[in-house]
Amino acid sequence: MRHFFRRKSSCQVAKDRLKILLISDRVNCSPEMMELIKGDIAKVISKYMKIDAENMEIQINTKGSKTGRGGKPSLFASIPIVDVSSMADLKPNR
Amino acid sequence: MENQFSQEQQNCCEVIVVTSGKGGVGKTTTSANVGTGLAKLGKKVCLIDTDIGLRNLDVVMGLENRIVYNLVDVVEGSCRVKQALIRDKRHPGLYLMPSAQTRDKSSVTPGQMVKVIEHLKEQFDYIILDCPAGIEQGFQNAIAGADRALVVTTPEVSAIRDADRIIGLLEANGFKQMDLVINRLRMDMVRRGDMMSAQDVVDILAIPLIGIIPDDENVVVSTNQGEPLVGSASPAGQAYANVVLRVQGKEVPYLNFDKGISFWTRVSGIFHKA
């Protein structure tokens with residue numbers, strides 16, 4: 001999937017596959033749809049700060065509960081910011 | 001196994017369904033061992049095979065030659081509930097209600113199951129329901145009368161996916177207590193990075209862990225002989241004995257199948273928190 005697939009253990013492959021699979025199973029949202037959402041979020045955020053779009057992750061999980069079960073589903077995004085200093089001088093109309 | 005907990009009085013009967021979604025991950029083995037283990041601790045236990053048409057629990061328990069009546073006969077009123085119960089002579093207090101082999105799933109409805117269970121509740125401390133694979137009527141029958149569930153899975157993608165689906169369905173049916181049994185774990189493969197660890201599976205499925213059963217050839221031997229191995233010196237026997245204690249709410253540290261002590265402490269930490 002990513003750059004270093006050669007080095008990935010089969011255990012890691014299984015975990016990565018399940019992660020994506022179960023999200024779509026749980027909320028009835030296809031992996032393709034998740035990728036589209038992810039791409040759009042990245043596009044919007046990139047307007048304001050430099051982010052590492054390659055390594056960002058989005059997940060549909062259950063709000064508040066660490067278990068990811070038993071509540072309203074929410075969308076969580078983890079977006080690594082590449083350059084924090086660039087946030088100081090925000091250029092709204094880049 | 002020591003009888004240290006048998007003196008404690010169980011106030012009411014607990015009805016536990018053993019389920020997994022996927023077939024062949026160890027539902028029947030787990031039902032047989034947990035049931036036998038509870039009986040060894042002096043509890044009155046009724047095992048019910050709800051897999052109509054493909055009964056298995058009777059052979060795993062070694063009671064296949066003693067079947068006269070079955071669950072469908074009870075439901076249809078061809079016999080009394082008591083007549084269909086087979087007493088396991090090796091363990092006082094252990095009974096099996098076998099399923100029908102020549103009928104199909106539609107012979108029983110969830111409402112009828114609830115009725116049978118209500119009747120049995122008065123006489124037993126634990127009722128354990130061995131659920132068929134799948135999510136159709138057999139599954140609905142098995143969960144209808146249950147208070148809590150043991151979800152069995154193996155550390156494989158397909159089994160975990162099905163377990164996740166089952167957990168979702170149990171939640172939708174109002175289940176509050178669901179505990180995870182991870183079966184057939186191979187520590188050598190986990191160490192090589194070729195099998196998901198118990199921790200990985202718990203992280204993914206996000207329900208409390210209640211047991212880790214190592215992959216153990218003694219399970220095959222015990223099935224061959226029709227004698228559940230719970231409490232024996234084998235790794236799986238020990239692991240099942242601990243599951244039995246945890247089912248009763250006791251806190252038991254996880255067995256160390258490996259040198260990585262910190263790992264098991266971590267796993268048991270998860271269990272205590274839950």
Side-chain angles (χ1 to χ4, degrees), chain A residues 1-39 41-42 52-80, chain B residues 21-22 135 149 151 153-180 182 184-210 258 260 263 269-274:
Chain A
M1 262 167 41
R2 304 228 168 95
H3 314 305
F4 316 106
F5 52 86
R6 276 279 96 189
R7 310 219 59 184
K8 232 186 224 177
S9 69
S10 71
C11 162
Q12 194 57 48
V13 174
K15 280 195 279 183
D16 291 346
R17 287 175 62 211
L18 270 168
K19 226 182 191 172
I20 295 166
L21 188 66
L22 294 189
I23 290 169
S24 50
D25 277 3
R26 281 174 192 172
V27 295
N28 236 337
C29 176
S30 70
E32 291 80 31
M33 179 78 90
M34 292 297 282
E35 280 302 312
L36 287 177
I37 296 171
K38 188 170 147 183
I41 292 176
D52 181 4
E54 280 287 297
N55 288 313
M56 77 174 271
E57 275 179 39
I58 64 165
Q59 241 189 64
I60 292 176
N61 234 322
T62 319
K63 202 170 148 192
S65 80
K66 221 180 92 193
T67 63
R69 295 184 178 283
K72 276 202 172 139
S74 312
L75 184 71
F76 288 90
S78 135
I79 309 167
Chain B
K22 188 176 178 296
I135 52 173
V151 178
T153 189
T154 58
E156 289 156 44
V157 179
S158 51
I160 292 170
R161 182 193 201 177
D162 289 1
D164 188 77
R165 186 83 206 282
I166 287 292
I167 293 165
L169 288 170
L170 289 170
E171 267 177 350
N173 279 281
F175 274 73
K176 297 273 184 291
Q177 194 178 2
M178 295 171 283
D179 298 291
L180 185 65
I182 300 170
R184 268 186 232 138
L185 191 76
R186 285 186 54 180
M187 277 319 296
D188 55 326
M189 291 188 72
V190 172
R191 245 175 279 136
R192 285 206 305 268
D194 279 333
M195 181 177 271
M196 280 178 272
S197 68
Q199 180 70 62
D200 293 335
V201 181
V202 171
D203 286 346
I204 291 167
L205 291 175
I207 60 168
L209 182 66
I210 201 166
D258 192 33
F263 165 78
I270 288 241
F271 174 75
H272 293 321
K273 254 182 263 159

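Convention: sequence-line order gives letters A, B, ...; per-chain numbering from 1. Note: hydrogens, waters and symmetry copies are ignored here, and every other heavy atom, side chains too, is used.
- A search for salt bridge (Lys or Arg N to Asp or Glu O under 4.0 Å) contacts involving B:Asp188 returns B:Arg186, not counting sequence neighbours.
- Annotation: the span from B:Asp203 atom CG to A:Lys19 atom NZ amounts to 10.0 Å, rounded to 0.5 Å.
- B:Asp200 and A:Cys11 get closest at one heavy-atom pair: OD2-SG, 3.6 Å.
- With a 4.5 angstrom heavy-atom cutoff, B:Met196 touches chain A via backbone and side-chain atoms both.
- Atom OG of A:Ser10 is separated from atom CZ of B:Arg192 by 8.5 Å, given to the nearest 0.5 angstrom.
- Between the OG atom in A:Ser9 and the CE atom in B:Met189 there is a gap of 11.0 Å [rounded to 0.5 Å].
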In residues 155-163 of chain B, what donor-acceptor pairs under 3.5 Å come from side-chain atoms, sequence neighbours left out?
{"from": "B:Glu156", "atom 1": "OE2", "to": "B:Thr154", "atom 2": "OG1", "distance (Å)": "3.4"}
{"from": "B:Arg161", "atom 1": "NE", "to": "A:Asp25", "atom 2": "OD2", "distance (Å)": "2.7"}
{"from": "B:Arg161", "atom 1": "NH2", "to": "A:Asp25", "atom 2": "OD1", "distance (Å)": "3.0"}

